[in-house]
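Accompanying notes for the structure given below.
Whatever order the structure lists them in is the order used to number ligands and atoms, beginning at 1.
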Amino acid sequence: MTANLDLVNRAPENTKLWILNLGNLECDEAFLKRNANTSTLSDPNPPERKRRKLVVISALIDHPSEGLILFETGTGKNYPEVVGPQVNDVFAQVDYAEEQDLDKAIEKTGHSIKDVKAVILGHLHLDHAGGLEYFYGTNVPIYVHEMELKHAFYSVATGSDLGVYLPHYLRFDLNWQAFYGDFLELVPGLSIHHAPGHTPGLCILQVNLYHSGTWIFTSDMYHVKENYIDSVPQGWLARNHDDWVRSNQMIKMLAKRTDAKVILGHCSETLSLWKTAPYYYT
Ligand SMILES: [Zn+2]
């Protein structure tokens, strides 16, 4: 049985998809959900300021004609040292095992990170683009939306949005490849939809597999299940609320039309519904 597919190609029958678990971060819930931890007149000091654990996710696709394609790269190695004590105090790495380094996580699939032929980034925040370090000085194309690329460099150069983008991976020895507009079918069965709101150039990835049907990887359009299931807007990490509302409608309709399995940016609860590498979907 195959699921209902969108108006784009299905990937070839022997395409494989692995979901990689790249560790966990933890932060105040108010970064993720509007009005979380808010004081009121009747409750000026909420007794419990909730914190949330954020799983870091990546996806690896073995495509028969295109080779290995990686969607997002996680935090990169040595996160606490690389981002520094201030950032690691706000978005703290917790419960990390070395096997969650990107290269080791890819080894679980039977492949080497050196065999990755292309990288697609949903957006360029430090917990999604940190693993670009493995691709410095290589010719591997790094696909990212034009608006995200411009915004990330601008934010770091002017200091307008520091702490979420970091200068060390915004470099000129990466083979940046911009994509444009609202929609692009990058290779047969893999398509990208522009979904601004969390950042101006955020994109989601739609993968139409032959047997298991449509998968949607949302990057940080949704951090946790409440953002998606209950349409609770993002908290302090939202950059444009109206864009987010429009993108939310587009993704909901896309998911309904395709009967998609939706993998949220950082939700361990919904991720636990699926199997991670070495298991793969076809
Ligand atoms: Zn994130």
Partner of H223 under side chain to side chain donor-acceptor pair (under 3.5 Å), chosen from E29, K33, Q234
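Of the listed residues E29, K33, Q234, the side chain to side chain donor-acceptor pair (under 3.5 Å) partner of H223 is Q234.
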At distances under 2.8 Å, what protein N, O or S atoms surround the Zn ion (ligand 1)?
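Listed by chain and number: D127 OD2, H128 NE2, D220 OD2, H266 NE2.
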Under a 3.5 Å threshold, yes or no: a donor from one side chain and an acceptor from the other, between H151 and H123?
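The criterion, which ignores hydrogens and geometry beyond distance, is not satisfied for H123 and H151.
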Any donor-acceptor N/O pair, Y169 side chain to L124 backbone, under 3.5 Å:
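Yes, the answer is positive, given that a donor and an acceptor are paired below the 3.5 Å cut-off.
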Does the W244 side chain pair with the main chain of M221, one donor and one acceptor, at a distance under 3.5 Å?
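Present.
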Can you say whether the rings of Y279 and Y281 are parallel (under 30°), tilted (30 to 60°) or perpendicular (over 60°)?
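Perpendicular, since the angle between the ring planes exceeds 60°.
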Fit a plane to each ring of H145 and F179, take the angle between them on a 0 to 90° scale, and name the class: parallel (under 30°), tilted (30 to 60°) or perpendicular (over 60°).
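Perpendicular.
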